Amino acid sequence: MAEVSLKHIYKVYPNGTKAVSDFNMEIADKEFIVFVGPSGCGKSTTLRMIAGLEDVSAGELKIGGLVVNDMEPKDRDIAMVFQNYALYPHMTVYENIAFGLRLKKLPKDEIHKRVTEAAEILGITEYLNKKPKEMSGGQRQRVALGRAIVREPKVMLLDEPLSNLDAKLRTQMRAEISKLHTKLQTTFVYVTHDQVEAMTMGTRIVVMKDGFVQQIDTPKNLYNYPENKFVASFIGTPQMNFFDAKLLKTGNEVKILFDGTDAEISVPYPSLYKIIPDYLDGKTPVVIGLRAEDISLAPAAKKGKNVIKVAVSHKEELGNETLVYGNLYTTDGAAETAPVILKDTADIAVNAGDIAEVTLNLGKIRIFDKQTERSVLPRIPEYNYLDCTVKGGNIKLLGAELALPEALSCADGKYTLLVPVNAVNFDGGIKAEVVSREDVNGVTLLALTAGGKRVWAVGGDFAEGAEVNIGVDFKKITVMSDGETVFSPMPGLNEIDCNFVKRKFVETAEVNGKSKRKKVIRFGFETDGKFFEVPDDVSRKIFNALGVKKALSSPFKLQLGLYGLTVAESGIVATVEKVLNFGAEKFLKCTVGGREIFVGTDADREGEVCLAPDFLNAGVVDPKRDIKII
Amino acid sequence: MEKKKYKSKKLSERISLVMVYAFLIIISLIWLIPFLVLIILSFRGEQVGISADYLFPKHWSFGNYIKLFTKTKFLRWYGNTMLVSVVVTIIQTVIVLMTSYALSRLRFKLRKPLMNLMLILGMFPGFLSMTAVYFVLKELNLTQNLFGLILVFTASSAMQYYICKGFFDTIPKSLDEAARIDGASRHTVFLKIILPLAKPIIIYTILTAFIAPWGEFMFSSFMLKGDDDKFTVAVGMKSWLDNSTLMAEGYFTVFCAAAVVVSIPITALFIWLQRYYVEGITGGSVKG
Amino acid sequence: MDLEYLKMSPLEKFAFNFKSFFKNLPKKTAAFFKAIPKKLYKLWLAFAGIFVNIGAAAKEGDWKTRLSFGVMGFGLIARKQYLRGIIYLAFEILFILYMVFFGWKYLVKMGSLGEVAVKTVVDPMTGIEKTYYYDNSLLILLYSLLTLFIMTAFVYMWYQNVKGNLLSQQFVEAHMPLPTTKDDFRSYANENYHKSLLSLPLLGLTVFTILPIFFMIFIAFTNYDKFHQPPAQLFHWSGFDNFVTVLGGGISSDSKVFAYTFGEVLLWTIVWAVFATFTNYILGMIVAIMINKKGVKCKKLWRTVLVITIAVPQFVSLMFMSQLLSDQGLVNNLLLKWGWINKAIPFLTDGNLARATIIIVNIWIGIPYSMLICTGILMNIPEDLYESARIDGAGPVRAYMKITLPYMLHVTTPYLITQFIGNLNNFNVIFLLTGGNPPLEMDGNVTTAGQTDLLITWLYKLTVTENKYGLASVIGIFTFVIVAVLSLILYNRSKSVKNEEEFM
């Protein structure tokens, strides 16, 4: 089967620029994946790494379950279609298609069969005897496709194959490539800078920018739930409208205050339940995003209420609909205001120069942080923001009273808890009711009410209206009081600085009943001058990533999850600082090499402990290039 | 009014065209007359030194040509030069193509330094190294020997990579990549993709390599000094001009005949392959 | 580039660039010198790295690796990398044989360049004089240099051997698969293909270009001349004497003459190169434009007429021209006969006239080449550039100045530079036309050069006729430095060379 797996893929050029940073993706068999983004975003580089035309600087690339990092392109069972077709000009179409098969030394009959078959599929049988330069762009592109499909590859890679064609041909070829995908039943990876191509062809789309993946999702989700402002603006034509604004919560309503205008639009709070409460203070700047079809001219009945004003500059009548272009009308007379594009029906009475009142479809509103440009209205909220009172070692939360774990002990008073959605479990003592459920990329998000409050949870499978008992995993929560953090949870990742070293040991082994002394060489990490061995596959990965010579003199950062370390007889030596008791679980706060780490334990311990790392789930980072190797 | 202006424009264009034709005719004459003179002189029957004060021969005859092939060692020199030319052409073309491909298509650590080194070496007056080369060859018993001359001509061929590499650079890299995905090794890419596409530059290289030994004088005269059985045509013909007794005997016209004989095959080759020569040199020496 | 700059007229732009060049000169020079310590440090690091690696191999190596210090390639053979190991071992054996049987005896004499050249011995039995040749300074210098080259290669190979052995040991220890002999063979058609392609060309280059260049540089420091000619005589190291002579610092009046000659020849060489390059280029371009003009018919015929002159071997046309234009040549004879002149025009025998003649003949020879190149490029200039210029109201001359010339200059800079270098060293044209004549004189002293001699032809004379090998080498070194500096400046100024490609 031909799934493609990219784990922590990096491309770093010798001068230090990172073309691709930490690319992670699992491509399933028969998927049609589109990489899209502006030029220089690393999409082509990623594709070329999959093809084997560029070396992978770090990370693990698998095709069909095999690690192919060091494999020659021809052995990867892939085929590629290039932007400029890359047909061999001195060969006929037939020879072009047969070239790869001839190099594979297939029998002549077989080659002929495959070539004619491919030609038939693509409708180029009559051109088989022609040279590429006698053909049109579209025909050449078909030949390039033919050359790819005769190889019967596991994965087809297409690098902007349509960008040299004219608009009409492009639309036609788009459909044909989609059809080809259905017919061939192989995995397609397609690179384009054209978001229309991406939206129309991909089963999933990877949006990239500056070497970073912005979002991986289905076309529909990308359009409806962009994770940041870049994705929102990149996907969809005409471009999404953006307005600088602030949000203010009053009662059960949230007011949207558009900067520079006196326009105020109120939204019922429940529709913004998922928003991070910090943004509702009327001061934090946000960016409101709305697509053109979600803005329309206000009907006469609604004039004056919940509208914003737009100074119309021109309009485009497309027959069935009209696009109206303008700028946000501001009262403070600012010269440059946000441009507005709106889509309405064909027969609207608005002209250039008018100040039009428009209504917004607030159900489709997207909100982004002004600085980070990330969506502050994520599909799965990060935290539940819950108020609570602590009194005498007990905590009053969501209408229930629970025992506060020792580790969290804090003075009596009122606090705000930040409870991650995945810290809400279903075996506690708080009564709640499932209000709605939503499937977000395979994860079920439950909206619950408990004690009159909205609580988000994942991982439970309950029907709407069901009564459930929920609890809180206290080790994951943050406790705040008046904006100050009183208690922060343990970091999810333990990091240990260490060096990769070689050690020689003398071992005695039983050979034919005699004990023999034997020198053996072991590789491992050294931290604080203490050595601990690593399994062969880990050392091999490190050697692969840095080369045998360089690996042995380089520092690394070992990353382990919260449960990645266990107290054991031997291993990493750490000093215990403190025991954290969460009731159900106990953790040790230790130091190793000047860094704090947390280790689960079943008993209180003191002084030095030995910790065995779980290398199966460990990560290794090369701190010099800031690249994750494993 | 409108019409008149149009006409006058046409007229001025016509005038300029006439001027261009006149210019071209004059240029052509300037370029051709010396060669016509050369040919005419080669048919001069009477024996006069170079001091003759007339152009057209008093007796037209093939005497000079007959003398050239029967009385002089010209035929031998011609054979020598042809042998050297052919061997040099083969070796040099192969070396230049290999070097250019490596420098254009392969990426290795010392690529840039190597290119710079060859650039700098090319600036060293080649003649200076002659003495050393001469003694190396003498030790190998290769002086006054055509094989030695071939060795000298071809040994440093790599330095002529420049134009050929420029041409290779214009062949899209995606062709190599497509071929590599099709399963070709670098070697196969070179043989099956790049070489067939490099026809103009191969012909250009062959032409320049082939012509060089015919016109090269400095190295040849140094290497072959003293043994006129081993001369190339350039060295041999120069030896006539330097010999005043021979010149007094009317060898000037024999020289002209020899010049005509030397020129004919090369000229024919050149006119035949002109197109590739132009394509090769413009494709290779030029960066857009 | 800001708007102010764009507003300037071409002359102002030139002045601005000129000024800013000199304004930035101190800064650039400073930056250059500032970069030196950094470069030196880098070099030092690289150098130190070699010893670190060797040290690491000695410390961490197992017995196989350590044995490879003496027996090259041993560790590789022991770890089944036979091909590599055997190559190293064979290289070592050949090197030892070479040194023992050949290299060593020359190397020890390098300091003195030989002590006894010839001994004449009377055979006591027969009474016949017999001459025995002993030391040949030339061969001693040549072979000791060769030996030094080979020793350098050996040290490099030895170092690679040590590194390679340690690496293969580390591979084995890390349980990583070692490349097998088969992999090695395959890699020579793939990732190591450059080695397969370049080894032969570079070997030829080393033996026939680099080694001789070093040899000549060493000759410049000896007194090798007419009176010290092996095998009958020895020559010896003479330090910087030859350099002093060429620069006019010598005691003898000879030295003054020599320095004068050098200056004159150098000046003419540069003047010649500039004229020869640009006249050919500009005129060739004009001819090409004429031929390519819209409406001109028989384009191919015109081109072929000119191309014929390329095809006729240069030496033929040059020798023929030298005969036609000589004082008793056909041209003079005809002109005298027709009574147009009453004294032969000294086309090739009067200094200044000869120089002009040479440049004109060179135009005659060179234009077809530049015409061909320009034709190719002219056809590549997009037609719409001219159309838009015509719409903007530009006439043919303006269109030429604003479009054709800049485009051509931009595209052909590399060609121009190679032409310029080629002309600096243009032996054929001078040697075959005038042979460097007429002779150059200084206050009645005859010099070794002629008035039309270039550095390269002068060099030829100095070696072949005057046998002043040492001095010739000095001239050669100077020529090299001048050519290298000039062309490096030109190369760095041209952007098209810099952006060889964008390698992503």
Side-chain angles (χ1 to χ4, degrees), chain B residues 17 20 23-24 27-28 31-32 34-35 38 50-53 55 95 98-99 101-102 106 108 120-121 123-125 127-129 131-133 135 152 155-158 162 169 185-187 211 214-215 217-218 234 237-238 241 252 259 262-263 266-267 270-271 274 278 281-282 285-288, chain C residues 138 142 189-190 193-194 197-198 201 204-205 208-209 212-213 215-216 287 290 293 295-296 302 304-316 319-320 323 328-329 333-334 337 372-373 375-377 411-412 414-415 421 425 427-428 456 459-460 463 469 476 479-480 483-484 487 496 501:
Chain B
L17 212 64
V20 167
F23 176 82
L24 286 178
I27 290 264
S28 303
W31 256 265
L32 281 182
F35 293 106
L38 181 75
I50 51 164
S51 51
D53 59 356
L55 176 59
I95 290 184
M98 291 199 310
T99 314
Y101 176 77
L106 306 176
F108 47 96
I120 290 170
L121 287 182
M123 296 167 193
F124 212 89
F127 173 72
L128 255 192
S129 44
T131 340
V133 172
F135 284 106
V152 172
S156 306
S157 309
Y162 194 81
D169 284 345
S185 66
R186 305 274 188 190
H187 181 63
I211 290 170
W214 295 88
F217 180 78
M218 194 169 69
M237 285 164 71
K238 172 78 175 160
L241 293 188
F252 179 56
V262 169
S263 304
I266 301 176
T267 311
F270 227 93
I271 291 175
Q274 198 198 127
V278 175
I281 198 164
T282 45
S285 69
V286 151
K287 300 271 163 59
Chain C
L138 204 68
L142 187 61
N190 264 314
Y193 192 40
H194 61 276
L197 287 180
L198 290 177
L205 204 65
F208 284 91
T209 306
I213 285 174
F215 178 75
M216 285 323 287
V287 173
M290 295 285 177
K293 195 180 152 58
V296 172
W302 300 117
T304 308
V305 166
L306 292 186
V307 167
I308 289 174
T309 54
I310 301 185
V312 175
Q314 237 189 37
F315 86 96
V316 170
M319 285 196 260
F320 182 65
Q323 293 301 317
Q328 299 89 39
N333 287 346
L334 282 177
K337 188 177 140 195
L372 273 185
I373 291 198
T375 307
I377 303 160
V411 171
T412 51
Y415 166 78
I421 297 170
N425 283 330
F427 179 84
N428 267 10
I456 182 92
L459 266 179
Y460 184 85
T463 29
Y469 298 102
T479 313
F480 169 67
V483 176
S487 43
S496 43
E501 62 195 317

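Quantities reported herein were computed from a predicted structural model and do not represent experimental measurements. Below, chain A is the first sequence line, B the second, and so on; all start at residue 1.
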Next item on the list: Please work out which of the three classes, parallel, tilted or perpendicular, describes the rings of H187(B) and Y193(C), given edges at 30° and 60°.
Entry: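 The rings of Y193(C) and H187(B) stand perpendicular, inter-plane angle above 60°.
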Next item on the list: Kindly assign one of parallel, tilted or perpendicular to the pair F108(B) and H194(C), based on the angle between their ring planes and the thresholds 30° and 60°.
Entry: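 Parallel, since the angle between the ring planes stays under 30°.
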Notebook entry, point to check: What pairs with A259(B) under side chain to side chain contact (heavy atoms under 4.5 Å, CB included), at least two apart in sequence or on another chain?
Noted result: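 Residues passing side chain to side chain contact (heavy atoms under 4.5 Å, CB included) with A259(B): L38(B), M237(B), V316(C).
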Next item on the list: Can you sort out the partners of I120(B) under side chain to side chain contact (heavy atoms under 4.5 Å, CB included), two or more places apart, ordered by chain and number?
Entry: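 For I120(B) the side chain to side chain contact (heavy atoms under 4.5 Å, CB included) partners, ignoring immediate neighbours, are F480(C).
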Interchain contact, [X] with chain B, by part (heavy-atom threshold 4.5 Å):
X       : answer
M290(C) : both
L142(C) : side chain
F215(C) : side chain
F427(C) : side chain
T304(C) : both
N190(C) : both

Heavy-atom pairs under 4.5 Å with chain C, option from [options] with the top count:
options                  : result
L24(B), V20(B), I271(B)  : L24(B)
V152(B), L241(B), L32(B) : L241(B)
S28(B), G215(B), A158(B) : G215(B)

Notebook entry, point to check: For the atom pair CZ (R186(B)) and CG (L197(C)), what is the distance rounded to the nearest 0.5 Å?
Noted result: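 Reported to 0.5 Å precision, the distance equals 11.0 Å.
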Notebook entry, point to check: At a heavy-atom separation under 4.5 Å, does S157(B) approach chain C through its side chain, its backbone, both, or neither?
Noted result: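 Looking at S157(B), nothing touches chain C.
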Next item on the list: Measure the shortest side-chain to side-chain distance between I27(B) and V305(C) over non-hydrogen atoms and say whether it is less than 4.5 angstrom.
Entry: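 I27(B) vs V305(C): side chains apart.
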Check: Do you know which of T479(C), V287(C), N425(C), L198(C) has the most heavy-atom pairs under 4.5 Å to chain B?
Finding: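 Most heavy-atom pairs under 4.5 Å with chain B: L198(C).
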